[in-house]
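Below you'll find the structure, written out as C-alpha cells, and then a few comments.
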Amino acid sequence: EGVISCGELFAQAAARTEFHVFTYITYPAEIRGGFSMIQIRIRDWTIYSMGSAVDYLIVFNQEAYDRTIADLRRGGMVIYDPETVKISDVPEAHFHPVPLNKISNEAAGGKRGKNVVALGLLGHLFDMDPKVLEKLLSDRYGSKGGDVVESNVKALHAGYAAGRDSKIARQVHLGTASNAKATYMMMSGNEAVALGAIAAGCRFVAGYPITPATPIFETLTRLMPMVGGRAIQMEDEIASISACIGASFGGEKALSPTSGPGLQLMGEQLTLASMLELPIVIVDVQRGGPSTGLPTKTEQSDLKFAIYGSAGEAPRAVLAPSGVEDCFYQTIRAFNIAERYQMPVVILTDQSIGYRKATVRIPNLTGIATLDSSVPSENVVIPNPNRIEIANRIEPEELREYKRFKDTDDGVSPVTRPGTPGGQYVGAGLEHTESGRADYSPLNHAKMTRKRFRKLSELSKALENNPPEIYGPEDAMIGIIGWGSTEGAIREATYLAAAKGIAVRHLHPKVVSPLPVGQIKHFLAELKQVLVVEENYTGQFAHFIKGRFGVKPVEIHKYEGVPITPEEILTAIVKVARVIDEDNITRL
Amino acid sequence: EGVISCGELFAQAAARTEFHVFTYITYPAEIRGGFSMIQIRIRDWTIYSMGSAVDYLIVFNQEAYDRTIADLRRGGMVIYDPETVKISDVPEAHFHPVPLNKISNEAAGGKRGKNVVALGLLGHLFDMDPKVLEKLLSDRYGSKGGDVVESNVKALHAGYAAGRDSKIARQVHLGTASNAKATYMMMSGNEAVALGAIAAGCRFVAGYPITPATPIFETLTRLMPMVGGRAIQMEDEIASISACIGASFGGEKALSPTSGPGLQLMGEQLTLASMLELPIVIVDVQRGGPSTGLPTKTEQSDLKFAIYGSAGEAPRAVLAPSGVEDCFYQTIRAFNIAERYQMPVVILTDQSIGYRKATVRIPNLTGIATLDSSVPSENVVIPNPNRIEIANRIEPEELREYKRFKDTDDGVSPVTRPGTPGGQYVGAGLEHTESGRADYSPLNHAKMTRKRFRKLSELSKALENNPPEIYGPEDAMIGIIGWGSTEGAIREATYLAAAKGIAVRHLHPKVVSPLPVGQIKHFLAELKQVLVVEENYTGQFAHFIKGRFGVKPVEIHKYEGVPITPEEILTAIVKVARVIDEDNITRL
Amino acid sequence: MKTTLRDYRSIIEPVWCPGCGDFGVLSALEKALGELDIPPENIIAVSGIGCSGRLSHYLNTYSLHGTHGRAVPLALGAKAARPDLTVLAMGGDGDGLGIGGGHIAHAARKNVDITYLLLDNRIYGLTKGQASPTTPIGRTTKTSPWGVYEDTLAAIPIFLAYDVSFVARGASVNVKELTGIIREAITHRGMSIVYVLSPCRTFPVLDFKAAKSMFTPLPPDHDRTDKMKAMALAYANDPMYTGVFYEVDKPTLNDRLDSEVHKAEAGLGGRQATIEQLINHFV
Amino acid sequence: MKTTLRDYRSIIEPVWCPGCGDFGVLSALEKALGELDIPPENIIAVSGIGCSGRLSHYLNTYSLHGTHGRAVPLALGAKAARPDLTVLAMGGDGDGLGIGGGHIAHAARKNVDITYLLLDNRIYGLTKGQASPTTPIGRTTKTSPWGVYEDTLAAIPIFLAYDVSFVARGASVNVKELTGIIREAITHRGMSIVYVLSPCRTFPVLDFKAAKSMFTPLPPDHDRTDKMKAMALAYANDPMYTGVFYEVDKPTLNDRLDSEVHKAEAGLGGRQATIEQLINHFV
Ligand SMILES: Cc1ncc(C[n+]2csc(CCOP(=O)(O)OP(=O)(O)O)c2C)c(N)n1
Ligand SMILES: Cc1ncc(C[n+]2csc(CCOP(=O)(O)OP(=O)(O)O)c2C)c(N)n1
Ligand code: SF4
Ligand code: SF4
Ligand SMILES: [Mg+2]
Ligand SMILES: [Mg+2]
C-alpha cells in the first residue's frame, strides 16, 4: 500500500535536515491483507522511544484507520482519503480529507504515486524545502530512469499543492538541508548490524532468509562483494552455521543472521563451535514465539535459549544491543569478543529495532584499527566498541610445542591458520586433550571443561573494566534494569517520572551473558526497589537477577508482540513510588 | 573382550536367585581399543549405588588391570590371566592367576569361551548352583543351536573346575534358584524406559540411533511389532520427532529416544509440539558433553537445555528418573502428564542408568488401567505412576461449539481425533485464536500465552498432591537435594554419614520442571545447611534452587564422565557437619 | 452422502495476493477430493511454511500447519499412525527442495502412502522475494542482487532417482489437468509427488503469460514404468511436459509395518504379546 | 621439497577394528595426496561422525572432525573462505546419505571445489550395527530385528540427478584403483564425490570375499559426459562398476563468488568500496 515507503522517505529526508528520526514499522506476515503502519517521530535532540500517542495520522485504507485511530493524541491530526476511508467522530481531532488516489492518478497516472503525494503533503505540513525531497527521490529512483523520477517529482509537488489547497496549517518547521557534510546515517537496526559486521572485518556471511532477520542477510549479499567479501545463501540454518564454522576454521570472521526458529536449528553447531573454540557470530532478531509464532511482531523471549541453548556445557557470550545505533557497535564488539575468547557470540536484537529506522551518527572509523591476524594473544586487549579486536592466530616461528587447546591462564589457546606449515591440528567435537587428541578420561574432561569456562570468567572480569553506564540521580530509591530494545522506553519513562518528581535510576547491560556482576551489585546496593522490564511472559531476565543477586524485583512483562511504551513503564514506577511513600519514605 | 557379557550373565543369574544386583558398565566409543569394565554388586536387600571400592576383580587384559587395580578394596581379590596380565604388587590383595584363555581353548576350542569360563569361576566363587547358570546359558544361546549351548556349558564347568583347582576360597553363598515365580526382572534403564513406554500404551516410536540412547530404540524395534505397535527408523532426529508429532496429531501416543546432540536437533519441533498442544515424549539419555563430547560417558549436563531449550516461551515438563526401576515408572508418568496436559514431556536419564543393569521388581500391571481415548477432560485425574492416564479426546456429540484451543480453567482444551466428523481443525505453529485461526493481535497473543502456561501451573499444583518423599531423620540439620541418577549414591552417603553419627535428610524430585515448590520449601525450612549434588560443571540444578528458594547451598559438582560415589558425597557431608559443629550446634 | 465442493473449503479467507497461482492449486485439490468423494474428516492435510503452506488453512480437513521443511516427515508419522485416513502433504519450493529436501529420499524408501503437493513458484514468496533452489541462474532477487549464481535444481529427475513411486508435474494455470493428476496421485498406493508450477504474482519469476504457453502434456504413449525415458522427458524444458512421468507399484510403509507385526505374531502363536509376556523377556 | 607418504599420516594410531575397510581408504587417500604432492598444511580435511569420521584424525592435515552429517557444509564454508587450500570432506553412509543427505544437492548447485569421500559399509558402524540407508532390504540389524523394510538408496543415480560435477565409485579392497580415482577427483575443478564401498569387519553386511569379486571397472569406452549412460551403468549391480561415471566442467563456487566481486568492483570503478563509501549508501 506504499505507506511504509512514504514514511521511510520522509524520515530519511528529515534526517538529512539534521533532525533525529525514529520510526516503528509493523507489517503483516501475509503479503496481502493484514495491515501495516509506520510511526515517525522527529526531534532536534536524541529520541529514545516511540512514545504511545500519535500526533499525525495519514491513512490510506479503512483497516489502518480503524486500528490506529485509538492511538491519536487528543487534538491530533488525521489526513485521509475520503474515497477509501470512512471516519468516525473523534472529539478534538482535526480531520483533513485529501483524495490521495485521485491526485496520484492525475499527477502520476496511477495509484502507485499515492505515497509520494502523501510525502509532498508531509513536506508542506512540516514546511520542508521541496529540494530536499526532490533530491531524495532522484537518489532513490535515479537508477530506474529519468521518467520514473520525473513522475515521482510531479506527484510530490501535487502533494505540496494539495496541502496548500486544503489549507492545512503548517506545523513545526523542518527547514532546509544543511550544506555541511552529513553527520547522520538513516538506517534500520538490521542494516546497522550488517554495516557493523563489515566494519568489524567480517568478510563472510552464510545465511537463510527468515523474518525479521532477512534484511541483515539481504544487505550483506549486496555489500559483501563490494568489499571483496563472500555472501552465500545456504539451504537451511544448519548448513548456514556449518559454513560459518568452516570459514572460521579457515581463518575468516563469519556471521549468520537468523531468528528464533533458525537459532534452534543452529543449536547443535553452535555447541560444536564452543567445543572447537572457534569464533563465530550469530544474530538472533527475536520475533514473537514460540514456534512460527508471530513472525512480524517483536518479543524478547529467546534470552534463556540464547544463553542455555546447548546440550552439555558450552561457553558462549550473549550481547543485546539497545537500539539501532547500538546494533552497529555491539556487532563490532561481538566479533571482538568472539575473536578474543575463541567462542561463539550470539547477538540478540528483535523485530522492533531490526525494522526501526533511525538516525545513526556516522562512526569515527579512524578510531577503528584494521584487522591483523598475526599477533599472539598476549597483545590482545579487552574488547572495546571503538577498537577492532585482534585475532590471536600464531605464526610458524611460534610453533615450538604448539598445542592448539593449550590450557592457559586465561583459557585462550594459540591457534594456527590453515596453510601455516607445522601448525596442523585436529579440531574435534569429541572431548580432546590440549593437543587435540580424542580423550575421555575423567581428569582430562574435568580439566578441559574448566579451561573452556575459564574464558567466560575472564570475559566477565574484563567486562568489569568498562561497565555499563548508570543513568539517573545518585540518590534515587527506585531503579530499573532492562536489556535490549526497551532502553529507549525505559529512559523516556525515567524522564516522565522525573517530571512527576520521582527519581529513577536506569541500568541497561549490553552484555547479558556473562553479566557485569559488580556493576549490577553496585547499582542495586543503593535502591529501595528495583524494577525489571522486559518483553516476555516468564520474566527471563528477572530470573537471572533474582537468582544471581537475591533481590525481589517488581517484574514488568509485556508479551503482546508490540514494544512496551514509556507510559506503561511510568504507570509501574508511580505504583512503586506510592508504595515506598506509604512506607513513609520522603519522595525526592 | 567378552568381559561385559560375562558380567551381565552373572548378574542375571544372581537376580534369578532373588538377590539384588546392580551393575555399572563402561565401554569405549571406539569399537576396538579403549577398555571396558563391569562392576557388579550383589546384596540381599536393595542396592542404591556402586560404592567406590571393588571387592572382586576379574581382568582379561593389561589395560583393564592398570585402570582398575587402584579401585580394589583393601584385602580385595584379583583373578587374572597370567598369559595376558602382569600384576603389580598390591599390599593385602589376594591374587589368583587363572589361565582363562588356555582353559577356554581346551574346553570350548577358542578364546571366545573365555567369558563363560570366567562365569563358571564366579559360580564357584559365590557358591552358585551350576543349574542356575546352565539354565541361563541355554535361555541365552538356545536360539543359536544345541552345540553352541553345549560348548558354553563345557566352558562353564571348566570354570567351576578351575575355581576348585586353584583353591580359591568360597565367598558369600548365592544359593540356588528360588522355585517360586520370579519376582524380579533384570534390565537396564534403557530397557526399563522401553518397557515403560509400552506399559503406558505407547504404540509408536520413531527414532535415530545415538549412544547411549540407542538401546531404547533397539528394544522397541524388537518389542513394538509384538504388541501391534510401530517402530520406524528415520533419517535423523528432526524427522524422528516430526513423525512423532504427526502420529500424536493422529491420536497415537508417540516416543522418540535420543541424547544431547539429537535433542538439540529436535529443538524446533519440540517447540512446535508445545504450540500445537500435542502430547509427545522425548527421552534424552544424557552423555558427556558438549557437542559429540564423551558419547559413552555419563553426565547430568542437559538439564537447563531440556527446560529452556526453546526459542520463544513454550511450556513443557521435564522428568528425571532416579534409577533403573524408576525409569519404568517415570516413563509411564511422562506419558500421563503429556496426555493430561497436552504438552511435550522430556525424560532425562543418563548413560549410567541407561546402561546399568539392575533388578527391577515385576510391576503390578493389574493396577494399570488400560487406555481409553474417549473420556472428556473433566474425568481425567492427576497422573500417578500406577495408573495410565487417559487422553481427553472428545466425541462427536460433544462438538457443539468445539474450539480446539479453548481457553479453559486448567488451560487444557478439548481435542478431536482425526476421523471424527465435524471435529476438523487447523493446528498451526503460528499464533492462533481459540478456534485455531492465525491471529497476531496483541491481546490474543497475551491470552493464548497465558492459556498455554496455565497448564504448567496446574501441573505444579497437581504435583503438590503427591510430593516426592523426604528420607532421613526429621531432626537432621543437613539436607541433600539431588536429581536423576545420583539418588543411589546420595542415599548410601546418608547411611554412611549416619554411621558416623551425622544425621542427613534427602529429597530427590523426579519432576524437575515444574519443581514441587511446596515440598522443597518444607524440606529447606528445617535445615541449617543444604547440599545440592549433581554431575555437571556449572551447577545447573543448584541455580534453580538458589533462584527459586533464595538459599545458599553447598554445591557438589562432579564432571568427569563417571558417576559420583557415596564416599565423595560423604566427604562433603563431613566437611559441612564440621562447620556446623564449629558454629557449636550439638551434633545429633 | 455425497460430499460437495463446499465441504472441502474451510471458512478461512485466503490471504494470498489476488491472482496468486496457489488459488488454482487449491481449487484443483478441492475438485479432486470431491471427485474421489473422500469425507473431509478422513483427511489429514500437513503443510510447511510459506505462502503455499497456507493451503492447509483453507481446507476443511484435519490440518497441521507445521514448521518450515517438515511437512513430509510430519505426514509420514500421521499416515503410519492412521492408515485409515488419507494424508496429504503440501508446501513450496524452498520448503520442500531447500530446507526439507533431505526428507524426501527416505520417505520414498519407505514408500509411505501420502500425496505430496510441491508448489514451485521459483521464489521464496512469504519472506518477500529471495532466491529459491529453482530460481533461474542470473536472476536478481533480494538475496541475489548480483544475480543468482547457483545452478537450478532439477526436481523431477531427483524424485525419479529417489524412486518415488508416483511422480507427476502439473501447472496451476491448467486447473482441469491438475485436478486429474491430483486425483490419480491420491488414488496411487504409495508415495506420490505432484510437482506443481504455481506462479507468484508479486515476485513473478515464473511469468504467467509464459506459463500459459510453456507446458505440453506428456506424449500419450509415454510408458510410466520406464524410468530412464521419464528422466529424459523430465530434463526437457521446451516444451515442459506435464502429466505423470513415472508410476511403480511397491508395498507401502503400512504394508511393511503390518508384515512386521505378522512376523512377530507368528512367533507368538498368531497372537499379540501381553505385557506379561514381554516382561518374561527380562526375567 | 617433495612430500613423502609419512607426511600425510598423523601420529594418532587408528582405533578401527583390525581389517576394517577404512584402512584401505586411508592409504589410498595418502597415496593420492602424495602423488599430487600437496603440502599437508595446505589441506583441510573435514569429517562427519562415524568410524569413517575418524579418518580426519589420522591425517596430518588441518582436520575438522565436526558433527554428524555436516561434513559437506562445513567443508563448503572452509573452501569458500580459503580458495587457496585443498579441501576434503569425508564420512559414512549414514552420515552422508542419511542425516546429511540434504546438503549434497545444494553443494552440487554451487559446485564447490571439494572432494567428498563417502565411505559406505552399508551399516552404522560406530553405533554398533544399526541399519543404514544402504543396508539391503530384509537384512536383520540391531534396529531391524524383523529385517530392514526400506528400499535401498541408490546413491550414484542420486548424485547424477544432483548434477554433482564429478561422480565416481571405488572400493577399499582395490586400493590401487581407488588411489587413481581419488587423485582424479582432487584434480577435478568443482565438487567431486568418490563413493567408496568399504566393508565393515565387525558388522559384515558388505562381505569382504564378495567385495573382492563384485566389482568391475567401467567399460573403457564409457563417455563421462553422458549422464544418461552413466545413470544406466550406475543401476547395474552385477557386475558393480567402479571408476568415474560422470564428469562435467562448470564454474566452481569460488569462480562464482569472484565474479560477484568483479561485478561489484566494476560498479565502483574497478576498486573495492571503502567503509566510507558503504556509509554513504545510508546517508
Ligand atoms: C526454520 C525456518 N527458517 C526460515 C523460515 C522463514 N521462511 C518462512 S517461509 C520461507 C520460504 C518460503 O518459500 P517457499 O517454501 O518457496 O514457499 P512460498 O512462500 O514461495 O510458497 C522461509 C525461508 C522459517 N519460517 N523457519
Ligand atoms: C545428531 C547425532 N545423531 C546421532 C549420532 C550417533 N551416531 C554417531 S555415528 C552414527 C552413524 C554411523 O554410521 P555411518 O555414518 O555409516 O558411519 P560408520 O560408522 O558406518 O563409518 C550415528 C547415528 C550423533 N553422533 N549425532
Ligand atoms: S507473494 Fe506470491 S506466492 Fe505469495 S501469496 Fe503473493 S502471489 Fe502468492
Ligand atoms: S565397526 Fe566396522 S567400520 Fe567400524 S571400525 Fe570396526 S570394522 Fe571398521
Ligand atoms: Mg516458493
Ligand atoms: Mg556406515
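Everything numeric here is computed off the predicted structure, so don't read it as measured data. Letters A, B, ... mirror the listed sequences (proteins, then strands); counts begin at 1.
The candidate with the highest count of non-hydrogen atom pairs below 4.5 Å against chain C, out of B:E235, B:M185, B:M275, is B:E235.
Residues B:V227 and C:I275 form no side-chain contact, since every pair of their non-hydrogen atoms from C-beta on lies 4.5 Å or further apart. Residues B:R417 and C:E41 fail the side-chain proximity criterion, which asks for heavy atoms closer than 4.5 Å. Using a 4.5 Å cut-off on side-chain heavy atoms (C-beta onward), B:T219 and C:F282 make contact. By the 4.5 Å heavy-atom criterion applied to side chains, B:M226 and C:H281 are counted as neighbours. Within the 4.5 Å cutoff, no side-chain heavy atoms of B:V426 are placed close to those of C:L59.
With hydrogens and angles disregarded, a donor-acceptor distance shorter than 3.5 Å links the side chain of C:Y62 to the backbone of B:T420. In terms of modelled atom types and a separation under 3.5 Å, the side chain of C:R82 and the main chain of B:P418 share a donor-acceptor contact. Checking side-chain atoms of B:Q424 against main-chain N and O of C:N60 turns up a donor-acceptor pair under 3.5 Å. C:R70 contributes no side-chain N or O that, together with a main-chain N or O of B:A239, makes up a donor-acceptor pair within less than 3.5 Å.
Only the side chain of C:L253 comes within less than 4.5 Å of a heavy atom in chain B; its backbone stays farther off. Looking at C:P40, both its backbone and its side chain come within 4.5 Å of chain B, counting heavy atoms on both sides. With a 4.5 Å cut-off on non-hydrogen atoms, C:K263 does not touch chain B at all.
Under 3.5 Å, the side chains of C:T67 and B:Q269 contain a donor-acceptor pair of N or O atoms.
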